[in-house]
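Below: one structure, written as structure tokens.
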Protein chains: 2
Amino acid sequence: MSSPFHPDYNPLIRKLESVFTLTDDERQALETLPMQVAVLKDHQDIVREGDQPSRACLILSGFACVYKMTAHGKRQIVSFTIAGDIPDLQSLHLKVLDNSVSTISPCRVGFIPHEALHDICLRYPRIGAAFWRETLIDAAIFREWVMNVGQREGVSRMAHVLCELVVRLRAVDLVEDHVCDLPITQVEFADALGFTPVHVNRVLQQMRADGLIETQGTRLRIPDWDKLKQVGEFDPTYLHLVREDVAA
Amino acid sequence: MSSPFHPDYNPLIRKLESVFTLTDDERQALETLPMQVAVLKDHQDIVREGDQPSRACLILSGFACVYKMTAHGKRQIVSFTIAGDIPDLQSLHLKVLDNSVSTISPCRVGFIPHEALHDICLRYPRIGAAFWRETLIDAAIFREWVMNVGQREGVSRMAHVLCELVVRLRAVDLVEDHVCDLPITQVEFADALGFTPVHVNRVLQQMRADGLIETQGTRLRIPDWDKLKQVGEFDPTYLHLVREDVAA
DNA sequence: CGATGAATTGACATTCTTCAAACTGTGTGG
DNA sequence: CCACACAGTTTGAAGAATGTCAATTCATCG
């Protein structure tokens, strides 16, 4: 039950374990959390703004994103979510969703009833605190994105999200040798950065020319991590990682 | 203890009471929370990025803001905070602060030890849930700001933050007759919107010309609330207000 | 092989920034 | 009561970043 390659492997448990050591009871409670697993295609909404869900969705594998729509139909992606994230955990305490969640790549998703989550939070306060903590880190990411979109331009803005993605992927062992699979389209980056797809394209070309990134298909390689970090002014503090090595 | 004009009036208790009815015990626990009150001048940091505070700050009166600094020294305000807000409540579960909090106007601030907050959360789970909920609303505000800064331009972007401010001020009875005191400088709006102060100035002139706002000194009047809401594409759902009338 | 989604290009328009200066209001000290 | 200082606001002109539109190319896949 602990290998990332085991089909029942639960990235949520692994994430919590990286924060503190679970007792047998706590681990048991997490492993027996009722969870309905679904496999979704890419570009499918998981939940929508306005929904009043009775369960939360845990991303088991694949890429998803949290987004909002402008009244004029423009989309803003406010964060990317990967394995181990629960992008709508907020719904536990806020009745109506103020954002949508959608897959980017095909995803395996686990739906966990609110009731079960409330229950485990009351019974195991450390787990409750850990969930709260997760939502606080989400908030920290949003704050960082406000700064990124508000203050950085072009190459720097793009470099910053790439840094964030790489560090978070590294934390779940999805980066090998400065290479990772990033099935995110230029249009999606545009929606995340507040740019036009055309502009994203040009920024990426610039970054390739500067030796900041190399791409082939959905594969991304970072030839010089320190340089990318510097260009993106990336300081991983806001991710509140416990294993600091993944951000080095 | 319940009048906003009583010196011991605690806007936090009032805020929680708007969400659910406190039991006598809960109310008692909140009223006896240890809190060290300080009076701060305007434009003073309350806590700084990198701090590892052992207490949280409750804004009792005045305007403050949460902000982050770019490596190049540019400031991004990621939210304004007013009476009843605890802008660094996150520090309860995240050891090191990834943002600063500073006053905008002179403020009365109450510092509450983390220990006392942890304690009350454990002893009164409904209060714990309410605090969690508050941090989730903060996150919702950050998300909305990402969208605002990323997708809206000029007048629309400014209109949106003004709408948010007015609604939140109305929720704590700081708006009368479509008029409120808004001691926020154009430079500060610039840092909040990702604009230049010069541009903010021009946007405000445009808005005055369009009849969207009227100003004299720090006093703001909204002649046509519906028009402002429409221009700012403002939908208050993300504020998760219980009293919906304040947003109408 | 054609179809589809994604990436790329070019020319041009717009929004926003930059810089540097002038103006306004308000409070303070002489 | 004037003069001055200070903080905030306003102005103008020129430039840079980004957006818009409309094609075109590329890659993958049934």
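Computed from a prediction, not measured in an experiment: that's the story for all the values here. Throughout, a chain's letter reflects where its sequence line sits, starting with A, and its residues are numbered from 1.
With respect to the salt-bridge test (charged N to carboxylate O, under 4.0 angstrom), the residues A/R168 and A/D85 qualify.
A straight line from CG of A/L182 to P of C/dA6 spans 15 Å, rounded to a whole angstrom. The CZ-P distance, from B/R219 to C/dG25, rounds to 18 Å in whole Å. Spacing between atom CD of B/Q206 and atom C1' of D/dT10 amounts to 15 Å, rounded to whole angstrom units. Following rounding to the nearest Å, B/I104 (CD1) and D/dG8 (P) show an atom-to-atom distance of 11 Å. The interatomic distance linking B/D42 (CG) with D/dC6 (C1') rounds to 13 Å, in whole Å. When rounded to the nearest whole Å, the span between CZ of A/F189 and C1' of D/dG19 equals 20 Å. For B/L204 and D/dG8, the CG to C1' distance is 13 Å, given to the nearest whole Å. If you measure from atom NE2 of B/H72 to atom P of C/dT17, you get 17 Å, rounded to the nearest angstrom.
Considering only side-chain N and O atoms, B/N201 lies nowhere under 4.0 angstrom from the phosphate OP1 or OP2 of D/dT9. The side chain of A/Q205 contributes an N or O atom lying less than 4.0 Å from OP1 or OP2 of C/dT9. Regarding contacts with the backbone of D/dA7, every side-chain N or O of B/Q186 stays at 4.0 angstrom or more from both OP1 and OP2. B/R208 has a side-chain polar atom (N or O) that falls below the 4.0 Å cut-off from OP1 or OP2 of D/dT10. OP1 or OP2 of C/dT18 has at least one side-chain nitrogen or oxygen of B/T196 nearer than 4.0 Å.
Side-chain proximity of A/V198 to D/dT9, D/dC21, C/dT17: nearest is D/dC21. Minimum atom distance to the side chain of A/F195 is reached by D/dG19, of the listed D/dG19, C/dC16, C/dA6. Out of D/dT18, C/dT18, C/dC16, the shortest distance to the side chain of B/H199 is found at C/dC16. Of the candidates C/dT17, D/dT18, D/dG19, the closest approach to any side-chain atom of A/R202 belongs to D/dG19.
Residue B/M147 forms a side chain to side chain contact (heavy atoms under 4.5 Å, CB included) with just one option from A/K74, A/K68, A/M69, and that option is A/K68.
Residue B/R208 places its CZ atom among more than 12 non-hydrogen atoms of other residues, nucleotides or ligands, all under 6.0 Å distant.
Backbone-only engagement by B/G154 is indicated by non-hydrogen atom pairs under 4.0 Å involving sugar-phosphate atoms exclusively.
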Which donor-acceptor pairs under 3.5 Å do the side chains of residues 182-199 of chain A make with protein atoms, sequence neighbours left out?
residue	atom	partner	partner atom	Å
A/T185	OG1	A/V187	N	3.4
A/Q186	OE1	A/N201	ND2	3.0
A/E188	OE1	A/T185	N	2.9
A/E188	OE2	A/H43	ND1	3.1
A/D191	OD2	A/R75	NE	2.9
A/D191	OD2	A/R75	NH2	3.3

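In this structure, A/Y238 and A/H160 have parallel ring planes: the angle between them is below the 30° cut-off, well short of the 60° mark.
Summary of the strand contacts: A/R152 and A/G217 both lie near DNA chain D, and taking for each the nucleotide with the nearest heavy atom, the more 5' one is attributed to A/R152.
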